[in-house]
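Beneath this line is the structure, given in structure tokens, with notes to follow.
Please read these numbers as outputs of a predicted model, since none were measured by experiment. Values below: every heavy atom of this structure, side chains too, minus hydrogens, waters and symmetry copies.
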Amino acid sequence: MKVFVIGGGGREHAIVEVLHRSAQVSEIFCAPGNAGIGDIATCVPIKDTETEKLLQFAQQQQVDLTVVGPEAALAAGVVDCFRAAGLAIFGHTQAATRIESSKEFAKELMQKYGIPTASYRSFDCYEDALAYVAERPFPAVLKYDGLAAGKGVVIAQDLEEATEALKEMLLDTTFGKGRVVVEDFLTGPEFSFMCFVDGRNVYPMPLAQDHKRAFDGDRGPNTGGMGAYTSLPFITPEDWQFAYEQIMCRVAVAMCDEGRPLSGVVYGGLMKTPDGIKVIEFNARFGDPETEVVLPLLQSDAYNIFSSIALGKKIDNPILWSQEITLGVVLATKGYPGSYEKGFPLENVEQAGTRLFHMGTARRDGRLVTNGGRVLMVVATADTHQAARDKAYAAAAQIDSDHLFYRKDIGHYII
């Protein structure tokens with residue numbers, strides 16, 4: 001089978017890698033891809049939001065299945081476009097992607113269907129939002145209503161920080177003209193629960209925990225994610241059952257009832273609060289960097305899973321996962337998530353005993369160079385968290401670049 005993967009980050013590298021392991025897959029294309037993906041797939045210079053060009057390429061190559069990675073491509077309607085042309089594609093429609101592309105829509109949906117989440121109010125007026133925040137206790141959770149590449153959430157510790165964030169979201173239009181959702185601040189450990197979803201059928205993946213802040217000790221600005229690990233001892237079987245039945249399955253049913261059935265991956269960003277598990281956010285696709293630690297554990301044939309959901313066929317056999325533990329460390333360009341430069345050379349990147357997923361790399365004049373904020377992710381597998389962490393950090397330390405940084409405390413919550 002020929003498979004076409006849309007996207008070019010670490011998540012897509014993990015998707016390409018797991019499809020590359022399938023005996024059914026003979027050829028993989030990826031648009032736009034990256035240097036690491038190019039080692040096992042043919043990279044195509046098409047942006048992930050150029051839906052018509054993507055469709056034309058898929059038709060010309062007669063691909064059997066397309067898998068969508070990024071939220072921007074889903075929000076641009078690439079799934080609708082491909083389905084209208086009769087092509088099999090794994091991913092949500094534009095209507096279903098609204099669960100991620102609008103924070104306000106997601107909150108309204110949860111409120112309507114009794115899915116536990118923080119109380120909130122929405123604003124499009126800067127003065128009204130600021131007056132509301134000023135009257136309430138801090139920290140204040142401020143979320144840009146639309147897509148912001150994982151950077152549209154600010155947990156303001158005081159009025160000065162809240163004022164700056166609201167200006168950025170409502171006056172400066174950093175992310176585009178939109179609205180802001182102001183939420184109650186919740187406490188407790190966060191975790192990521194991803195599921196394959198086809199209508200009302202929900203197939204769970206192993207849980208993971210992401211590290212959003214840029215620096216050690218969960219300090220610094222929010223990023224797209226600086227590392228992740230699987231197997232969470234603080235989540236009990238009862239916690240898991242509640243999260244699966246009352247959150248993940250319930251949101252699938254809710255979206256069907258709203259006429260927006262899901263058909264891809266739903267990511268539940270959840271928190272175990274003193275009052276029980278609640279939803280922080282939903283995403284309409286694989287999380288990044290969680291995908292890089294979860295998909296290496298998949299033992300079933302990935303092509304069967306993706307194609308079944310793309311075609312609306314129920315998956316009868318259980319999806320099998322390894323019980324090993326994975327831990328991954330992201331190496332980012334200095335300056336990220338703010339402004340940074342590209343094109344710095346990378347040396348000694350291939351390390352034995354670990355997986356290396358490329359997040360933002362390119363090849364120029366035969367050399368591997370940086371091409372994004374998050375550049376590489378080293379993922380190690382072991383029987384314990386400590387062993388996986390030791391392997392991952394040993395490999396990360398060998399990668400040569402004076403222009404990269406990484407957190408030294410991934411997994412600190414349990415190690």
Glu161 side chain to Gln157 backbone, donor-acceptor under 3.5 Å: yes
Report yes if the side chains of Tyr144 and Lys103 come closer than 4.5 Å at any heavy-atom pair, otherwise no. no
Under 3.5 Å, side chain of Thr273 to main-chain N/O of Leu186, donor-acceptor pair present? no
Tell me yes or no: between the side chains of Glu104 and Tyr120, is some donor less than 3.5 Å from an acceptor? no
So does Thr117 get a backbone contact from the side chain of Lys107, meaning a donor-acceptor N/O pair under 3.5 Å? no
Using the rule salt bridge (Lys or Arg N to Asp or Glu O under 4.0 Å), only one of Lys278, Lys143, Arg121, Arg136 pairs with Glu183; which is it? Lys143
Between Phe193 and Trp240, how do the two ring planes meet: parallel, tilted or perpendicular, split at 30° and 60°? tilted
Between Gln241 and Glu245, is there a side-chain donor-acceptor contact under 3.5 Å, judged purely by atom types and distance? yes
A side-chain contact here means heavy atoms from C-beta on lying under 4.5 Å apart; do Tyr229 and Val293 qualify? no
Gln94 side-chain N/O to Ala75 backbone N/O, donor-acceptor pair under 3.5 Å: yes
With a 3.5 Å distance limit and no angle check, can you tell me whether Ser263 reaches the backbone of Gly91 through a side-chain donor-acceptor pair? yes
How far apart are the closest heavy atoms of Ala243 and Leu270, and which atoms are they? CB-CD1, 3.9 Å
Without swapping roles, check the side chain of His211 against the backbone of Val329 for a donor-acceptor pair under 3.5 Å. no
Give me the atom names and distance for the closest heavy-atom approach of Leu54 to Ala31. CD2-CB, 3.8 Å
Name the atoms and distances for all side-chain donor-acceptor pairs under 3.5 Å in residues 407-415, with sequence neighbours left out.
from, atom 1, to, atom 2, distance (Å)
Arg407, NE, Phe215, O, 3.4
Arg407, NE, Asp409, OD1, 2.9
Arg407, NH1, Arg213, O, 3.0
Arg407, NH1, Phe215, O, 3.4
Arg407, NH1, Asp218, OD1, 3.1
Arg407, NH2, Asp218, OD1, 2.9
Arg407, NH2, Asp409, OD1, 3.1
Arg407, NH2, Asp409, OD2, 3.2
Lys408, NZ, Tyr406, O, 3.2
Asp409, OD2, Gly217, N, 2.7
His412, NE2, Asp218, OD2, 3.1

Asp301 and Ser22 side chains, donor-acceptor separation under 3.5 Å: yes
Supply the atom-to-atom distance Thr51 OG1 to Asp48 CG, rounded to the nearest 0.5 angstrom. 11.0 Å
Whether the side chain of Glu100 engages the backbone of Ala284 through a donor-acceptor N/O pair (distance < 3.5 Å, no angle test) should be reported. yes
For a side-chain contact (heavy atoms from CB on, under 4.5 Å) check, start with the C-alpha distance between Leu404 and Leu346, then their side-chain angles and the critical distance, and finish with the verdict. CA-CA 9 Å; Leu404 300 181; Leu346 294 162; 3.6 Å; yes
Distance-only side-chain donor-acceptor flag, Ser102 / Asp145, under 3.5 Å: yes
Where Val133 and Ala140 come nearest, the two heavy atoms and their spacing: CG1-CB, 4.0 Å
Any salt bridge between Glu108 and Lys112, counting N to O under 4.0 Å? no
For the residue pair Pro116 and Ile247, establish whether any side-chain heavy-atom pair is separated by less than 4.5 Å. yes
From Ile46 atom CD1 to Glu52 atom CD, the distance as rounded to the nearest 0.5 Å: 11.5 Å
Report yes if the side chains of Met377 and Leu356 come closer than 4.5 Å at any heavy-atom pair, otherwise no. no
Nearest 0.5 Å, what's the CG-CZ distance between Leu295 and Arg355? 9.5 Å
Which value, rounded to the nearest 0.5 Å, describes the distance between Ile6 atom CD1 and Lys47 atom NZ? 15.0 Å
What is the distance from atom CZ of Phe357 to atom CG of Asn34, rounded to the nearest 0.5 Å? 11.5 Å
Heavy-atom nearest pair, Ser122 first then Arg179, reads CB-NH2, 3.3 Å
Between Lys212 and Thr223, does any side-chain donor sit less than 3.5 Å from a side-chain acceptor? no
Does Lys314 offer a backbone N or O that forms a donor-acceptor pair with the side chain of Asn201 under 3.5 Å? no
Among Glu290, Glu71, Glu292, exactly one meets salt bridge (Lys or Arg N to Asp or Glu O under 4.0 Å) together with Arg11. Which residue is that? Glu71
pair His358-Ile37: side-chain heavy atoms closer than 4.5 Å: no
Distance only, no hydrogens: is a donor on one side chain within 3.5 Å (strictly under) of an acceptor on the other, for Asp288 and Thr291? no
Report yes if some heavy atom in the side chain of Leu331 is under 4.5 Å from a heavy atom in the side chain of Phe405; otherwise report no. no
Phe282 vs Val279 side-chain heavy atoms within contact, under 4.5 Å: yes
Least distance between heavy atoms, Ala96 atom then Pro261 atom: CB-O, 3.6 Å
Side chain Thr333, main chain Tyr336, donor-acceptor under 3.5 Å: no
Residues Ile28, His20; criterion side-chain contact (heavy atoms from CB on, under 4.5 Å); working and verdict: CA-CA 8 Å; Ile28 304 175; His20 183 67; 4.1 Å; yes
Does Asn371 reach the main-chain N or O of Ala362 with its side chain, forming a donor-acceptor pair under 3.5 Å? no
Between Phe123 and Tyr132, does the ring centroid distance fall short of 6.0 Å? yes
Can you classify the ring geometry of Phe4 versus Phe57 as parallel (below 30°), tilted (30 to 60°) or perpendicular (above 60°)? tilted
For Phe105 and Arg260: C-alpha separation, side-chain torsions, deciding distance, then whether side-chain contact (heavy atoms from CB on, under 4.5 Å) applies. CA-CA 12 Å; Phe105 169 82; Arg260 302 168 181 264; 3.7 Å; yes
Test item: side-chain donor near acceptor, Thr230 and Thr326, under 3.5 Å: yes
Would Arg98 and Thr93 count as having a side-chain donor-acceptor pair, cut-off 3.5 Å? no
With rounding to the nearest 0.5 angstrom, report the CG to CD distance, Leu166 to Glu127. 10.5 Å
Any donor-acceptor N or O pair under 3.5 Å, side chains Asn304, Gln24: yes
Hey, does Ile315 have a side-chain heavy atom less than 4.5 Å from the side chain of Ile309? yes
For His92 and Val266, what are the C-alpha separation, side-chain angles and deciding distance, and is it a side-chain contact (heavy atoms from CB on, under 4.5 Å)? CA-CA 9 Å; His92 306 296; Val266 172; 4.1 Å; yes
Heavy atoms only: give me the nearest Gly225-Pro289 pair and the separation to one decimal. CA-CD, 3.7 Å
Quick check on Asp402: does its CG atom have over 12 non-hydrogen neighbours (other residues, nucleotides or ligands) under 6.0 Å away? no
Cationic N near anionic O, under 4.0 Å, Arg200 to Asp257: yes
